[in-house]
Amino acid sequence: MSTTAGVWNGVALETDPRIGEFQADPAAYMKQHAGAWRSGDLAQEQARILKQKNQSLRLTLRALLGRLSSK
């Protein structure tokens with residue numbers, strides 16, 4: 001991805017783990033998530049996505065705080 005943050009629907013694409021999953025293997029991503037989408041259990045899928053976003057955010061904050069504390 002580029003160094004400038006792409007934004008879609010107010011979400012920075014570089015921080016959205018779904019983008020990385022999809023780009024790595026689109027067919028596997030669609031196969032993995034199609035069952036959840038078809039089952040109608042979107043709450044479970046949203047919870048999984050939120051957990052991934054929270055983990056990504058924690059890693060980003062940890063890296064940022066590490067850089068700030070080393071200055």
Side-chain angles (χ1 to χ4, degrees):
M1 297 200 129
S2 69
T3 56
T4 57
V7 176
W8 176 76
N9 259 355
V11 176
L13 297 180
E14 284 82 0
T15 62
D16 191 336
R18 294 172 294 179
I19 299 299
E21 282 182 58
F22 181 79
Q23 287 179 336
D25 189 354
Y29 176 87
M30 295 303 289
K31 185 176 181 181
Q32 176 185 0
H33 297 287
W37 296 329
R38 273 189 243 120
S39 73
D41 191 3
L42 298 179
Q44 180 181 359
E45 183 65 10
Q46 287 176 330
R48 186 191 68 77
I49 291 167
L50 182 60
K51 182 178 178 182
Q52 282 183 331
K53 283 183 181 181
N54 287 342
Q55 289 172 342
S56 177
L57 179 60
R58 280 194 294 269
L59 290 174
T60 302
L61 287 174
R62 186 178 299 145
L64 179 62
L65 291 173
R67 284 188 223 151
L68 290 174
S69 67
S70 66
K71 288 186 176 183

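Atoms considered below: every heavy atom in the structure, side chains included; atoms not considered: hydrogens, waters and symmetry mates.
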> Can you tell me how far CZ of Arg67 sits from CG of Leu65, rounded to the nearest 0.5 angstrom?
10.5 Å
> Give the other cluster members for Leu61, using side-chain heavy-atom distances under 4.5 Å between Ile, Leu, Val, Met, Phe, Trp and Tyr residues; answer none if it is isolated.
Leu57
> If we ignore hydrogens and angles and just use 3.5 Å, is the side chain of Ser56 paired with the main-chain N or O of Gln52 as donor and acceptor?
no
> Taking side chain to side chain contact (heavy atoms under 4.5 Å, CB included) as the definition, give me every residue that meets it alongside Tyr29, ordered by chain and number, with sequence neighbours left out.
Arg18, Glu21, Phe22, His33, Trp37
> With Arg58, which residues qualify under side chain to side chain contact (heavy atoms under 4.5 Å, CB included), at least two apart?
Asn54, Gln55
